[in-house]
There are 2 protein chains.
Amino acid sequence: MSRTPAGVSRQTVTRAVNDMPGINPGTRERVLAAARELNYHPSRFGRGLVKPSARTLGLVVGDLTNPYYADLAATVLRLAAERGWNVVMAEPGSVADLVGAADAVVGFTGLALEPPGAGAPNLPVVEIDPPRVHPGHGRIEFERLTATRDAVRHLLERGTRRPVVLDAASRSSRGRTFLEAFGEAGVDAVVVDRDTPWADLAELSPDALVAFNDLEGFRLLRELRAHGVDVPGDVRVVGVDGLAVGDFVTPRLSTLAIDLAEVGRAALDLVAELSEGPGRNLTRVVPHRFVVRDST
Amino acid sequence: MSRTPAGVSRQTVTRAVNDMPGINPGTRERVLAAARELNYHPSRFGRGLVKPSARTLGLVVGDLTNPYYADLAATVLRLAAERGWNVVMAEPGSVADLVGAADAVVGFTGLALEPPGAGAPNLPVVEIDPPRVHPGHGRIEFERLTATRDAVRHLLERGTRRPVVLDAASRSSRGRTFLEAFGEAGVDAVVVDRDTPWADLAELSPDALVAFNDLEGFRLLRELRAHGVDVPGDVRVVGVDGLAVGDFVTPRLSTLAIDLAEVGRAALDLVAELSEGPGRNLTRVVPHRFVVRDST
DNA sequence: CTGAAAGCGCTTACAG
DNA sequence: CTGAAAGCGCTTACAG
């Protein structure tokens with residue numbers, strides 16, 4: 001008996017809306033018209049409950065305005081599509097909202113994940129370059145030391161004696177690694193805040209600047225040009241991230257690059273593994289490499 | 001009677017997994033342990049069916065490697081988060097997969113949307129700069145002519161006489177608009193393929209190049225520099241899109257810019273309106289503006 | 001603190 | 001061609 005507003009049964013509505021065979025064309029039209037009229041849209045949840053549907057991957061990255069995150073997202077999107085996954089995106093601040101919408105989570109969840117949700121059996125989570133270990137989560141770790149040593153050696157060979165490392169106030173792993181590598185080489189690097197303007201940097205009379213990332217490196221390049229400082233003649237500049245756009249600026253920015261396609265691939269592999277059940281080897285290591293361009 | 005593997009009822013599992021009160025701590029632990037053991041994760045669909053949950057916006061953009069799409073995505077992500085929406089992303093090719101995962105769709109759905117799904121009462125759809133009109137869909141239209149005229153006037157004032165427009169093989173709206181504007185000014189522009197290398201362009205001895213977009217503009221800038229051609233002295237170059245990075249290249253790229261934040265806002269407004277029911281005014285117009293930098 | 005019942009909105013057989 | 005029944009996996013009252 002139970003009738004829909006169109007005066008037909010639920011099954012018939014299903015047939016009309018899903019364009020299935022075995023329905024009178026007239027009936028279909030009538031149902032569709034009523035649906036349009038009532039602004040009816042079938043519920044994803046009702047449908048998902050009874051039809052097999054694509055799994056959804058939650059992707060957590062910072063501001064997409066930064067090509068570093070955008071490039072990673074592009075890779076993950078592509079890999080996910082290949083494997084038949086949908087991708088929901090969120091910034092680290094909104095991870096919570098995302099949990100209800102995804103079957104697994106990947107990305108720079110960073111500090112956003114504490115506390116680990118009362119230990120509830122949450123989704124599979126793969127963290128990229130995370131500040132601490134969360135048991136049960138997959139991890140993509142960055143191996144920075146080797147490439148950083150390459151960069152430091154390169155800088156010293158070019159005559160660097162007074163390097164300045166620009167770092168986040170909270171001291172990032174990348175900053176610490178540079179200090180370590182300079183230290184090994186017997187050079188004391190000065191650390192200053194990541195967004196220190198050249199006007200203030202100049203007082204340290206540095207002959208090399210390690211930017212917090214490539215974007216900050218571009219900023220420095222621009223400021224140095226504005227002040228008539230020659231790069232790399234007077235000051236060498238190295239960035240971190242390996243953005244493709246670094247090839248378009250002048251001078252082209254030397255940088256500690258990471259292969260984001262490899263990061264994405266490793267992350268999705270771990271997701272797959274975690275989806276099977278608690279895995280054994282939950283961490284993958286991806287190395288940086290030092291790319292020499294024109295700014296050093 | 002119906003028992004779960006943990007030996008308790010479904011309700012008790014719900015209480016444990018959702019960290020709800022009114023459950024014996026021992027029971028909770030036992031349930032969580034079993035859940036972990038069995039790699040159990042609650043179904044999004046079952047839950048979504050009975051709990052109010054965030055709506056999900058489908059966002060369709062091209063390769064995020066292109067900052068144009070990345071910047072739009074960044075804006076949409078932010079606006080969506082403010083309004084409590086989740087965002088699933090897909091490239092135009094994968095729109096179909098996305099439809100089952102979203103409550104509304106926004107973006108460059110372009111040609112991917114034909115045929116319009118057998119007229120089924122699909123989700124609300126808002127198309128950005130779409131090649132044709134789909135009845136019932138919202139549209140964000142770009143108004144290019146005014147800014148294009150500004151650009152053309154500017155180029156002519158700087159002495160341009162032999163402009164070349166680089167366009168997609170399928171002739172884009174942007175390309176046609178430039179031809180129209182040059183035509184109005186009594187100048188015949190030559191059209192060539194968007195990725196024509198400078199080696200071939202040189203044979204036309206152009207004194208201005210209209211790149212297909214900013215990224216292609218960067219490419220041209222680089223090629224011109226490699227060939228020792230002075231920009232803007234010998235050849236002027238204008239891009240399309242208004243990417244922020246255009247400010248970092250040398251020379252800084254003049255461009256036909258669009259305010260992507262405004263595009264995003266208009267799109268989400270239309271989604272909201274369509275979600276209420278069939279709206280009246282389904283189109284919003286966003287103008288380009290010509291940004292003069294150093295390459296012209 | 002724990003469980004039996006009802007229902008969320010769909011689709012998939014199965015009758016007619 | 002159309003509809004009545006069953007069930008997908010959850011949560012929300014309601015009993016005990």
If I take atom CG in residue Asn24(B) and atom C1' in nucleotide dG3(C), what distance separates them, rounded to the nearest angstrom?
15 Å
List for me each residue that meets salt bridge (Lys or Arg N to Asp or Glu O under 4.0 Å) alongside Arg44(A), sequence neighbours excluded, and say none if there are none.
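Listed in chain order: Asp103(B).
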Side-chain N or O of Thr12(A) versus OP1/OP2 of dC1(D): is the shortest distance under 4.0 Å?
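So the side-chain polar atoms of Thr12(A) never come under 4.0 Å of the phosphate oxygens OP1 or OP2 of dC1(D).
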Protein within reach of the bases, or only the backbone? For nucleotides 7-16 of chain D, mark each nucleotide 5' to 3' as B, S or -, using heavy atoms under 4.0 Å.
BBBBBB----
No-hydrogen, no-angle side-chain donor-acceptor test under 3.5 Å, His134(A) and Glu127(A)
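Yes, Glu127(A) and His134(A) have a side-chain donor paired with an acceptor closer than 3.5 Å.
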Who passes side chain to side chain donor-acceptor pair (under 3.5 Å) against Asp129(A), sequence neighbours left out?
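Once residues adjacent in sequence are excluded, the partners of Asp129(A) under the side chain to side chain donor-acceptor pair (under 3.5 Å) criterion are Arg144(A).
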Who passes side chain to side chain donor-acceptor pair (under 3.5 Å) against Thr283(B), sequence neighbours left out?
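Thr283(B): no side chain to side chain donor-acceptor pair (under 3.5 Å) contacts found.
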Can you tell me which stems DNA chain D forms when a stem means 3 or more consecutive Watson-Crick or G-U pairs under 3.5 Å?
C:1-3 with D:14-16, C:5-12 with D:5-12, C:14-16 with D:1-3
What residue pairs, at least two apart or across chains, pass salt bridge (Lys or Arg N to Asp or Glu O under 4.0 Å) with a residue in residues 81-95 of chain B?
Arg78(A)-Glu91(B), Arg83(B)-Asp269(B)
Restricting to side chain to side chain contact (heavy atoms under 4.5 Å, CB included), what partner residues turn up for Ala73(A), sequence neighbours left out?
Leu59(A), Leu64(A), Met89(A), Leu64(B)
Just jot down the ring pair (Phe, Tyr, Trp, His ring centres under 6.0 Å) partners of Tyr68(A), sequence neighbours excluded, or say none.
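Counting only residues at least two positions away or on another chain, Tyr68(A) forms no ring pair (Phe, Tyr, Trp, His ring centres under 6.0 Å).
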Partners of Phe212(B) by ring pair (Phe, Tyr, Trp, His ring centres under 6.0 Å), sequence neighbours excluded?
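Testing Phe212(B) for ring pair (Phe, Tyr, Trp, His ring centres under 6.0 Å), a comparison that skips the adjacent residues, returns none.
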